[in-house]
Amino acid sequence: MKRLLERFNQHGLFIKMFLVMVISIVTVSVIITFSTIRMSERLFMETFSITNSKVINHIKTSFESFSYSIVKASNNIQQSGKIKSFLTDKDTNSMSMMKAYYSMDQQMSYIHSNVDAYELNIVVAGINGRMYSSNYAYWPVSAVDLRKYPITDQKKLTYHYLGSSENNQAPMIVASKALVERSTGNIYGSFYIGIREKDFKQFYSNYTSYGNDVVVLDQSGVVVSSNKPDLLGQEAIELLHYAKEIDESDMAYKDADVMGKNHIVLAEYLPSLDMYLVNLINKEIVMHQLINKKAIVLISTVIVVAALLIVFLISRRLTRSLRKLVNQISNMAKYDFDKYVSVNGSYETRQLAEAFNFMLDELHNYVDELIRTQKKQRNAELEALQQQINPHFLYNTLTSVKIMVKQGNQEKAAETINALISLLQNAIGNISETITVEQELSNLKNYVFINQVRYGERIKVNYFISPDCLSYQLPKLIIQPFIENAFFHAFNHKAGGYIHILVAIEGDRLICEVVDNGDGMEMKANKLPSYKNKRKLFSGIGVRNVHERIKLLYGEQYGVEISSEIGVGTKVKIQLPLLKEENITSI
């Protein structure tokens with residue numbers, strides 16, 4: 001298991017690249033395949049709907065021709081005086097009746113000749129009980145039942161569906177109308193023109209196929225004709241709703257679920273018949289016949305496999321040289337930075353090897369510089385520790401105390417001794433390299449008090465410390481050297497003056513300033529001033545030493561800035577990072 005894990009780590013880049021490419025290629029292929037199928041379906045449906053719309057219009061024209069023939073026959077019957085006499089005459093004489101039937105037969109033969117193009121059956125019935133039929137054997141209901149149907153006595157030509165009855169006759173579509181006396185408006189008879197449903201479907205049967213069906217609906221939603229016999233006479237309210245929606249919204253087609261299957265529905269209203277012609281296209285069946293999804297998927301699969309094989313070979317070749325480079329780097333001895341890697345392989349690998357070797361050279365230089373810097377830092381710290389206390393400061397301070405005791409000023413002598421003890425405790429007894437601003441302020445006050453005892457109070461010292469700065473840390477004895485310089489170098493020509501000590505937060509920095517109104521000095525560009533070290537100073541830490549120490553500890557962005565003008569005074573600005581005690585590990 002461990003060896004397998006090692007081999008996986010060695011070939012990790014290749015495996016990851018290959019997996020990413022596999023996922024990407026498969027994803028793109030699936031998306032393209034799916035999009036192609038969807039676009040093909042959409043294009044086919046658009047084309048198919050346009051074609052079928054033209055077919056429906058052609059079928060509609062055929063139905064209108066048929067309806068015109070029915071209307072023409074209807075008008076002939078309505079206008080025929082012989083037919084009216086036959087339906088209203090009550091003479092029961094056999095000779096008269098024979099003549100009447102003969103005349104009726106002649107008249108109906110003439111009328112029927114106008115609709116010989118269609119397989120129609122005409123029935124005429126009068127209020128006198130007489131009835132004439134060209135061939136009543138086709139009708140699915142008896143003559144008595146026909147008179148009772150709601151299609152009788154309607155003054156407007158209407159079409160109805162007569163389903164098959166017990167005599168197993170084929171269903172018919174019947175056009176009927178009541179015969180009305182024009183002068184009185186009285187009904188004197190009715191006529192019925194029927195066409196068998198199997199003959200009616202000849203108008204559209206040549207345009208149907210498997211999955212492409214036609215349905216004719218009346219206004220009540222009953223299927224009066226269809227190429228699917230199982231639908232005849234059934235109520236299709238939902239389909240009627242779709243047909244009306246398409247007609248009223250002037251839609252080209254509608255996607256809908258009909259009888260539990262997804263269909264494209266096209267519809268056209270037939271005003272002459274007062275019916276709807278509906279074309280149902282089964283999307284699943286039609287698309288299966290026209291679009292071979294299996295072939296598309298198979299082709300896509302072959303393309304994906306070929307692409308993956310090419311990607312595998314290319315990825316393996318690209319990562320081989322890189323893997324060798326990684327092995328060289330991994331096998332290098334720890335901290336053995338003198339060993340360079342070999343530069344060979346692909347262009348990218350050679351660039352990486354050269355960059356790695358260049359990095360080693362830079363690392364060598366950096367380590368050397370770091371060693372030199374650390375030595376310099378330790379020397380500066382050692383010098384600072386060694387020179388913190390100048391013995392002459394102690395001698396002179398103790399001499400001043402002795403004089404005060406002799407003069408009988410014991411109280412001031414005691415205060416001076418206490419200030420000296422506190423100053424020495426913080427300078428020598430506190431081994432920490434950093435102290436708080438509050439501690440540094442206490443040391444400065446003690447140091448100023450001792451100097452004012454020795455030399456008088458001609459130099460006033462003022463403290464302006466922001467309360468939120470008191471808990472921040474700063475290096476020990478970082479401000480004191482500048483107070484020394486102000487005391488012993490700033491007022492050589494002036495009889496007296498003041499020194500302001502300011503500490504505040506500015507952004508993310510701790511700012512310490514020492515400002516005096518002393519003699520001032522001439523500044524050289526980009527150089528800190530150097531003061532002659534006098535033995536009476538408290539410490540031997542110089543201005544330049546403080547500046548370098550800050551940079552070594554915190555970086556080049558921190559340090560000391562001094563501005564001065566002769567006769568006006570000097571301003572020292574010390575910039576330090578904001579540090580709490582918990583942020584300090586080692587200075």
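Residue numbers count from 1 along this sequence.
- Here the side chains of Val546 and Arg549 are not in contact, with every heavy-atom distance at 4.5 Å or above.
- At least one side-chain heavy atom of Val560 sits under 4.5 Å from a side-chain heavy atom of Phe482.
- Looking at heavy atoms from C-beta onward, Glu238 lies out of side-chain contact with Val258 at the 4.5 angstrom threshold.
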**OP:** Could you go through the side chain to side chain contact (heavy atoms under 4.5 Å, CB included) check for Asn443 and Leu477 one step at a time?
**Re:** CA-CA 9 Å; Asn443 291 339; Leu477 296 176; 5.7 Å; no
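- Counting only heavy atoms from C-beta outward, the side chains of Cys512 and Val437 never approach each other to under 4.5 Å.
- With a 6.0 Å cutoff to the six-membered ring centre and a 45° limit on the axis angle, Lys580 counts as a cation-pi contact of Tyr472.
- For the atom pair Asp255 CG and Ile264 CD1, the distance stands at 5.5 Å (nearest 0.5 Å).
- Between Leu420 and Leu398, some side-chain heavy-atom pair lies under the 4.5 Å cut-off.
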**OP:** Please lay out, stage by stage, how Leu280 and Val265 fare under the test side chain to side chain contact (heavy atoms under 4.5 Å, CB included).
**Re:** CA-CA 5 Å; Leu280 295 176; Val265 182; 3.8 Å; yes
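- Between Tyr558 and Tyr554, the two ring planes are perpendicular [angle over 60°; tilted spans 30° to 60°].
- The two atoms that bring Leu444 and Tyr463 nearest to each other are O-OH, 3.9 Å, heavy atoms only.
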Subject >> Test side chain to side chain contact (heavy atoms under 4.5 Å, CB included) applied to Val30 and Val304, step by step >> reply: CA-CA 10 Å; Val30 170; Val304 169; over 6 Å; no
**OP:** Dump the intermediate steps for side chain to side chain contact (heavy atoms under 4.5 Å, CB included) on Ser466 and Ile505, then the final yes or no.
**Re:** CA-CA 8 Å; Ser466 178; Ile505 296 174; over 6 Å; no
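- More than 12 heavy atoms of other residues, nucleotides or ligands shown are found within 6.0 angstrom of CD on Gln557.
- With Ser564 contributing its side chain and Met521 its backbone, the two residues share a donor-acceptor pair below 3.5 Å.
- Atoms CD and CG, from Gln473 and Leu578 in turn, are 12.0 Å apart once rounded to the nearest 0.5 Å.
- Remark: side-chain polar atoms of Asp519 are paired, donor with acceptor, to backbone N or O of Lys494 under 3.5 angstrom.
- Side-chain contact between Leu510 and Leu579 is absent, with no heavy-atom pair separated by less than 4.5 Å.
- To the nearest 0.5 Å, atom CD of residue Glu245 and atom CE of residue Met251 are 5.5 Å apart.
- Side chain of Gln452 to main chain of Lys460: no donor-acceptor pair is present (N/O by atom type, distance under 3.5 Å, no hydrogens or angles).
- In terms of heavy atoms, Asn446 sits closest to Ala419 at CB-O, 3.7 Å.
- Residue pairs meeting the salt bridge (Lys or Arg N to Asp or Glu O under 4.0 Å) criterion with at least one member in residues 505-518, sequence neighbours excluded, are Glu513-Lys571.
- Heavy atoms only, all atoms of each residue included: Phe491 and Ala486 are closest at CD1-O, 3.4 Å.
- The shortest side-chain heavy-atom distance between Asn485 and Val514 does not fall under the 4.5 Å cut-off.
- Only one option out of Val448, Ile499, Asn451 pairs with Ile459 in a side-chain contact (heavy atoms from CB on, under 4.5 Å); it is Ile499.
- Looking only at distances, no side-chain donor or acceptor of Asp247 sits under 3.5 Å from a matching main-chain atom of Ala243.
- Scanning all heavy atoms of the two residues, the minimum distance from Ser53 to Leu266 falls at OG-CD2, 3.4 Å.
- With hydrogens and angles ignored, the 3.5 Å screen pairs a side-chain donor or acceptor of Asn517 with a backbone N or O of Tyr498.
- Rounded to the nearest 0.5 Å, atoms CD1 (Ile478) and NE2 (His547) are 11.0 Å apart.
- Contact detail for Ala413 and Val405: the closest heavy-atom pair is CB-CG2, 3.9 Å.
- A distance of 8.0 Å separates CD of Glu438 from CG of Leu441, quoted to the nearest 0.5 Å.
- Between Val503 and Leu474, every side-chain heavy-atom pair lies at or beyond the 4.5 Å cut-off.
- Rounding to the nearest 0.5 Å places NE2 of His263 at 7.0 Å from NZ of Lys261.
- Under the 3.5 Å distance criterion, the side-chain polar atoms of Thr416 are matched with a main-chain donor or acceptor of Lys412.
- Between the side chain of Thr436 and the main chain of Gln439, a donor-acceptor pair closer than 3.5 Å is present.
- Taking each heavy atom of Glu440 and Ile479 in turn, the nearest pair found is OE2-N, 3.4 Å.
- Residue-environment remark: OH (Tyr366) stays at or below the threshold of 12 foreign heavy atoms within 6.0 Å.
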